[in-house]
There are 2 protein chains.
Amino acid sequence: MRNTRSSTPVWQAISGALRADISEGRYLPGDKLPTEAQLSARFGVNRHTVRHALSQLVDDGLVRTRRGAGAFVASTPTDYPIGARVRFHENLLAAGRRPEKRVLDVECRAATAGEARALDVGDGAPVCAYRGLSLADGAPIAVFESVFPLERTPDIDRHLADTSSVTDALNRAGVADYTRASTRLTAVLADVTQALHLHLREGDPLLRSTSVNVDAAGNPVEYGRTWFAGDRVTLTLET
Amino acid sequence: MRNTRSSTPVWQAISGALRADISEGRYLPGDKLPTEAQLSARFGVNRHTVRHALSQLVDDGLVRTRRGAGAFVASTPTDYPIGARVRFHENLLAAGRRPEKRVLDVECRAATAGEARALDVGDGAPVCAYRGLSLADGAPIAVFESVFPLERTPDIDRHLADTSSVTDALNRAGVADYTRASTRLTAVLADVTQALHLHLREGDPLLRSTSVNVDAAGNPVEYGRTWFAGDRVTLTLET
DNA sequence: TATGATATGTCTAGTTGTATAGAAACTTGC
DNA sequence: GCAAGTTTCTATACAACTAGACATATCATA
């Protein structure tokens, strides 16, 4: 232990050095940073000091760590417009990201009361629930669950199996076009399953969107709920 | 890093998600689960983490894995009463299972010394040995071998060929009714052939039942041995 | 029947995350 | 000036997750 301490704590200096490396382009978004052990050796300090430095960068959103995998330079949040026409693929491509879907489950069953109301169908009407993950550049950004009324979107389950595009599936089910009738946003906390899928911790903030899409005649064809990872997506409301 | 928030280990969250899928009927007993690689991709985690999650389900008896084949939803053990009147079909149906027999072999030959003693017939008396598998809902639960004395059950081999019901075959052979005279139970280890038939590993525990069934006059009509898969069948002794 | 592909099982090792604790320097209040 | 609290740095240990490679069993196909 040194006799006197300089005015700047070591952890802060390390933080600053790494921040400079990132801002000067030595590390690009997605790049892996040196391991804690390597940084510890490089700066000649204890691993915990390095961890403290890194935690500052994580808090500031510059770095994202993954247990066992390493620390990576964070990407900027994906901008996701929400307006009259919301199309996942188009939105991601416009943001310069590679869109990807991962289907978790498709099941046809009777609508719950809330779903029946949202879709304007009879109680217990047959619907098809479609759950999955949305990813941008390979990173999960949202969990979604969409419910389709089978009376207005016949065989939607088969169409969903054949294409990853909801727009395409709806088209094959006879819905030539659809628009967003309503969107409600709420901040919620991630539960254990959402945290699992989104690579977050339980309790991390999520932005939940609840929406209804309607066909040209104004009939609901999709009741959707999406939970966006709070720090990975920025929703832009178009007016 | 956030200090205070509880965090479920990823392997536990995955375990929980799969457990919920099973309990909610998305996977039925006997169904194959997605492969480790598929689950790894679905949850975006390392295959070892998935394996740990699965191992919890295996430990809890919910899932059974076989090297090279996959992971399957385990069935709950079938309850199988043993009392004065033991009827395979009735027992399985009473347990809510679909009974099925698969005949491996029927051969008429001379009785061995042990069989002769058990059936109370002369040394070398002609008998008919009937070997097969018992299944519940398509899953093998036991290997059996029954020996019938031809002097008391004439043409039993032909009758066995005509019906999968032993009760029915005996009836056609002139045995109007029969009851259990004795049952002896022993725990044994599966040999390689039994393991193969029962989809177990060699050395897994089996419950071997050795029994004699007698006609109304008390004469033995069937000497039976059944090896039950230890974890797939629970024998209930009626008194 | 042989072979290639697929899937589980095992081993070794690296990396991050958490827990606990000690010591010294610094800060604050009296 | 001193005591108490905080900050900084160090240390060890273990858990959780990742990574890679290879062995063995099963399945499908030619």
Side-chain angles (χ1 to χ4, degrees), chain A residues 1-16 18 31-59 63-74 138-139 192 195-204, chain B residues 1-16 18 31-59 63-74 192 195-204:
Chain A
M1 178 62 66
R2 294 167 301 160
N3 290 337
T4 57
R5 207 184 280 164
S6 63
S7 57
T8 305
V10 170
W11 63 265
Q12 201 162 61
I14 295 173
S15 227
L18 295 172
D31 280 0
K32 184 170 182 266
L33 294 181
T35 66
E36 289 172 7
Q38 289 171 321
L39 292 172
S40 176
R42 176 188 300 180
F43 293 105
V45 298
N46 190 262
R47 189 183 147 220
H48 289 278
T49 305
V50 166
R51 285 183 58 75
H52 191 71
L54 284 169
S55 76
Q56 296 305 298
L57 299 176
V58 169
D59 285 352
V63 161
R64 184 183 305 282
T65 59
R66 188 93 189 266
R67 178 178 220 152
F72 303 83
V73 181
V192 56
L196 172 64
H197 287 305
L198 294 173
H199 295 172
L200 302 170
R201 298 173 68 105
E202 288 161 76
D204 275 356
Chain B
M1 290 54 170
R2 305 162 191 85
N3 299 341
T4 56
R5 199 180 298 136
S6 72
S7 182
T8 304
V10 170
W11 63 265
Q12 201 163 61
I14 294 173
S15 231
L18 294 173
D31 280 359
K32 183 171 182 267
L33 294 181
T35 67
E36 289 172 6
Q38 287 172 321
L39 292 171
S40 175
R42 173 186 297 188
F43 293 110
V45 300
N46 193 264
R47 192 184 142 223
H48 295 278
T49 305
V50 166
R51 284 184 56 76
H52 192 68
L54 285 170
S55 77
Q56 295 304 300
L57 299 176
V58 170
D59 285 352
V63 160
R64 183 187 306 280
T65 61
R66 275 169 60 222
R67 175 182 226 161
F72 302 84
V73 180
V192 60
L196 180 69
H197 287 311
L198 295 172
H199 296 176
L200 300 172
R201 290 183 179 82
E202 190 179 350
D204 276 356

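Just so it is clear: chains get the letters A, B, ... in the order the sequence lines come, proteins before strands, and each one is counted from 1. This is a predicted model, so every value here is computed, not measured. The figures that follow rest on heavy atoms only: side chains count, while hydrogens, waters and symmetry mates do not.
Nearest to the side chain of T35(B), among dA16(D), dT8(C), dT15(C), sits dT8(C). Of the candidates dT8(C), dC9(D), dT18(C), dC9(D) carries the atom nearest the P9(A) side chain, counting heavy atoms from C-beta on.
Within 4.0 Å (heavy atoms only), R47(A) reaches at least one base atom of the nucleic acid. Within the nucleic acid shown, R51(B) comes within 4.0 Å of at least one base atom, counting heavy atoms only.
Q38(A) places none of its side-chain heavy atoms less than 4.5 Å from the side chain of V50(A). Side chains of L54(B) and L18(B) form a contact here, defined as non-hydrogen atoms less than 4.5 Å apart.
H52(A) has its NE2 atom 17 Å from the C1' atom of dT16(C), to the nearest Å. For the pair L39(B) CG and dT6(C) C1', the interatomic distance rounds to 15 Å; values are reported in whole Å. Across the protein-nucleic acid pair, H48(B) atom NE2 and dA21(D) atom P stand 11 Å apart, rounded to whole Å. Rounded to an integer number of Å, the gap from CZ of F43(A) to C1' of dT10(D) is 18 Å. Distance, H199(A) NE2 to dT18(D) C1': 12 Å, rounded to whole Å. Whole-Å rounding puts the R64(A) CZ to dT16(C) P distance at 16 Å. The CG-C1' distance, from L33(A) to dT15(C), rounds to 13 Å in whole Å. The nearest whole Å value for the distance from the CD atom in Q38(A) to the C1' atom in dT15(C) is 10 Å.
Of the possible polar contacts, none joining the S15(A) side chain to the Q12(A) backbone as a donor-acceptor pair under 3.5 Å is found. Distance alone, capped at 3.5 Å, places no donor-acceptor pair between the T65(A) side chain and the G70(A) backbone.
Counting distance only, with no hydrogens placed and no angle test, the side-chain atoms of R67(B) and the base atoms of dA7(C) include no donor-acceptor pair under 3.5 Å. Judged by atom type and distance alone, R66(B) does not reach the base of dT8(C) through any side-chain donor-acceptor pair under 3.5 Å.
Interatomic distance, CG of L39(A) versus CZ of R47(A), reported as 11.0 Å (0.5 Å rounding).
The phosphate of dA19(D) has OP1 or OP2 within less than 4.0 Å of a side-chain N or O from N46(B). Between dT8(D) and T49(A), no contact under 4.0 Å exists linking OP1 or OP2 to a side-chain N or O. Close to dA7(C), at under 4.0 Å from its OP1 or OP2, lies no side-chain N or O of T65(B).
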